[in-house]
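Quick notes on the structure that follows.
Note that the coordinates shown come from a computational prediction; the quantities given were computed from them, not determined experimentally.
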Amino acid sequence: MKQISFLLAIFAASLTLQGQTTDEKALLQIVSNRNEKLIAKNDSVLLSIYTHADSSAKVQLLNFFDKQSGSSNPYTAARSLTWKGVVIYRPPFRSYDAHVFMQRAINRAVESGDEYLMVQCFEIYAFHCMTAGKPETALFYFLKSAELREKLGDRFFYAKNINLFETLGDLLYKMQEYHQSVQYIKLAISLASPSTNIHSGTTNTLGLDYQRLHNYDSALYWFNKSLESARANDDSLWMGIVSGNTGAVYFEQKQDEKALPLLWSDYHTCLKSEMNNAGNTLHRIALICLRRNKTDSAMLLAKRALQIVTAGPEYNPGFVQNVNYAVSEVFKKLGNTDSAFYYADIYHRIKDSIDLSVARNRADVVQTRLDFEKTSNSISILLHENEAEKTRRNFLLGGILLLLISGWLYFRWQRQRYHSRQQQLLHQKEMAESEVKNAREKLEEFTQNIINKNELIEKLQQQLQQQNMQVNEELLNQSILTENDWLRFKEMFEKANPGFINQLQSIAPGITTAEIRFAALTRLKLGNKHIASMLGIGADAVRKTKSRLRQRLQITSENGLEEFINNIQLINGN
């Protein structure tokens, strides 16, 4: 039920934003929620709200995050800073200062020591870095997040986003960190539930890792898994790509008969939508032709491959490097040394450029780690200084406490005054109890007078029974306790029984005035006959009133009412 109400609040926030007015209470509930099972859903909702809001509402949303980024709650502040970065990086703001706020969010998270919060900030910043073209920074924060997930050990939180480990594996592959790439992709696969369909690209990357490590059996196994997934999804493009990668393994093993049909399948599949991949595959077919001494075919295919990879919509230096190597090998076979040297030189320059780029990326990862550790150390030093300041403050408080000891004599004097006051209060209590006792005696005297009066009236009624009915009626009216009599009776009764009527009304809300009068007379231990006479009602009415009062107080026994009323505690404890 709580989750349903929370999602309703989210929905209300979304509708409100579209109505141009931010519901800050609902948004704050989303940003501040610490339930790990709702974190990803909350982030999706925030992104959806922003995506569907108009410009005015987006400004309001940004103002909300800006306001909450200064919150004293580090969790709320860090998440607000992170989302401020997410928002200003998107239209209509398009600010490239987004990373500044995300870094501040990471600092707040590290400062708080909340590792769940650190993971959230690390991952959002890492995905941002990927979008902003900073894969090396993204890689570092993905690695930090993965380390924390393993440390936390929360099964749900650890496996919440399998895409994280898939993305991390892909980045590590591009950085040529094949062993680590294998580690995280296998982790993603192990965390997937039986119903989860791991994408063909993930298992394909795992196969490529093993291929680069020259573990061809494992490479073929995972390429086969990737092909099964592509077939299950009827994804013809991935079927072609994986077939080509399988063919590449056979090509490296010089099993050309197995390699050729797979490579041609990949080439024809990718020719329309993945031109660069098609050109890269074609260079392997050219080299197979060269192995078979079909130099003319090899030259034709190699030049065609070069034409494809250099004219494609996306320049892939790795593919261009491979094709130049193939062209160089063909010219070498033909004995054309100058051309062979020319293309070999291009091959080596591209290779050096790729190696340099990878080295720079690795250096950037190291630099990012150093910057992070420097910032973390600065935060640790700041926290240490805060602790030192707290210690100094404690010493100061200790000195103040020592000074307070000198006030002990003053305290003793105050205690003496307190005891005197207590004696005075005790005396006042005794006087109050005396007044209560006097009031009770007066009440009993008043009650006895009324009883005597009623008894006298009863005797007169018996004597005048045969007289005029009108006179009898007037006498009967005199026997009824009037409102003034009741008010006077009530005043004296409350003095003798302070708080009784209030306690009764608290126990039985809705109790009637007649029932209160009946209960009060019962408290005085009057019989039904006297009660009927005092209230001016018949014996049947008394029984009915008594029955209703017993039902209202939920008393089942016949004699329990008197005991219940007598046991009602008064204000002074009597």
Tell me whether the centres of the aromatic rings in Tyr125 and His99 are closer together than 6.0 Å.
-> no
Looking only at side chains, do Gln120 and Arg79 share a donor and an acceptor under 3.5 Å apart?
-> yes
Using modelled atom types only, decide if a donor and an acceptor are shared between the side chain of Thr203 and the backbone of Ser200 within a distance under 3.5 Å.
-> yes
Tell me, do Asn277 and Asp266 make a side-chain contact under 4.5 Å, heavy atoms counted?
-> yes
Indicate yes or no for a side-chain donor-acceptor contact from Ser48 to the backbone of Val45 under 3.5 Å, with no hydrogens or angles considered.
-> no
Is there a donor-acceptor pair closer than 3.5 Å between any side-chain N or O of Ser112 and the backbone N or O of Ala109?
-> yes
Do Tyr216 and Gln253 have a side chain donor and acceptor closer than 3.5 Å?
-> no
Polar contact flag, side-chain donor to acceptor under 3.5 angstrom, Glu123-Ser145 | yes
Is it true that the side chains of Asn280 and Asn316 contain a donor and an acceptor less than 3.5 Å apart?
-> no
Between His128 (side chain) and Ile124 (backbone), is there a donor-acceptor pair under 3.5 Å?
-> no
Quick one: does Lys84's side chain get under 4.5 Å of Leu62's, heavy atoms only?
-> yes
Judged by atom type as modelled, is there a donor-acceptor pair below 3.5 Å linking the side chain of Arg284 to the main-chain atoms of Ala248?
-> no
More than 12 heavy atoms of other residues, nucleotides or ligands under 6.0 Å from CZ of Phe93: is that the case?
-> yes
Counting only N and O atoms by type, is there a donor-acceptor contact under 3.5 Å from the side chain of Asn233 to the main-chain atoms of Ser229?
-> yes
With side chains defined as the heavy atoms from C-beta onward, is the minimum distance between Thr246 and Asn224 less than 4.5 Å?
-> no
Taking atom types as modelled, is there a side-chain donor on Ser243 or Ser265 under 3.5 Å from an acceptor on the other?
-> no
Passes side-chain contact (heavy atoms from CB on, under 4.5 Å), Val87 versus Lys58? Steps please.
-> CA-CA 8 Å; Val87 168; Lys58 287 178 180 178; 5.7 Å; no
Heavy-atom side-chain proximity of His179 to Asp209 below 4.5 angstrom = no
Would you call the rings of Tyr347 and Tyr325 parallel, tilted or perpendicular, where under 30° means parallel and over 60° means perpendicular?
-> tilted
Counting N and O atoms only, with roles assigned by atom type, does the side chain of Ser226 sit under 3.5 Å from a partner on the main chain of Phe223, one being a donor and the other an acceptor?
-> no
Determine whether Ile185 and Trp222 make a side-chain contact, defined as any pair of heavy atoms from C-beta on separated by less than 4.5 Å.
-> no
Scan side-chain atoms only and decide if Tyr75 and Arg108 contain a donor-acceptor pair under the 3.5 Å cut-off.
-> no
Indicate yes or no for a side-chain donor-acceptor contact from Asp114 to the backbone of Tyr116 under 3.5 Å, with no hydrogens or angles considered.
-> yes
Verify whether the ring centers belonging to Phe331 and Tyr343 lie closer than 6.0 Å.
-> yes
Roughly how far, to the nearest 0.5 Å, is OH of Tyr173 from CG of Asn204?
-> 8.0 Å
With side chains defined as the heavy atoms from C-beta onward, is the minimum distance between Phe65 and Phe101 less than 4.5 Å?
-> no
Looking at side-chain heavy atoms only, is the closest gap between Met118 and Lys144 below 4.5 Å?
-> no
Just how far is it from atom CG of Leu260 to atom CZ of Phe251, taken to the nearest 0.5 Å?
-> 10.0 Å
Approximate separation, where rounding is to 0.5 Å, of Leu172 CG and Gln183 CD | 8.5 Å
Taking the side chain from Ser181 and the backbone from Gly169, do they hold a donor-acceptor pair closer than 3.5 Å?
-> yes
Within the distance-only criterion (no hydrogens, no angle test), does the side chain of Thr76 pair as donor or acceptor with the backbone N or O of Ser72 below 3.5 angstrom?
-> no
If you measure from the Lys or Arg side-chain nitrogens to the Asp or Glu carboxylate oxygens, is any gap between Glu228 and Arg231 under 4.0 Å?
-> no
Find out whether Tyr184 and Glu166 are in side-chain contact, i.e. whether some heavy atom of one side chain is under 4.5 Å from a heavy atom of the other.
-> no
How many angstroms lie between atom CZ of Arg304 and atom CG of Leu301, to the nearest 0.5 angstrom?
-> 10.0 Å
Answer with yes or no after comparing the ring centroid distance for Tyr178 and Tyr210 against a 6.0 Å cut-off, counting only values under it.
-> no
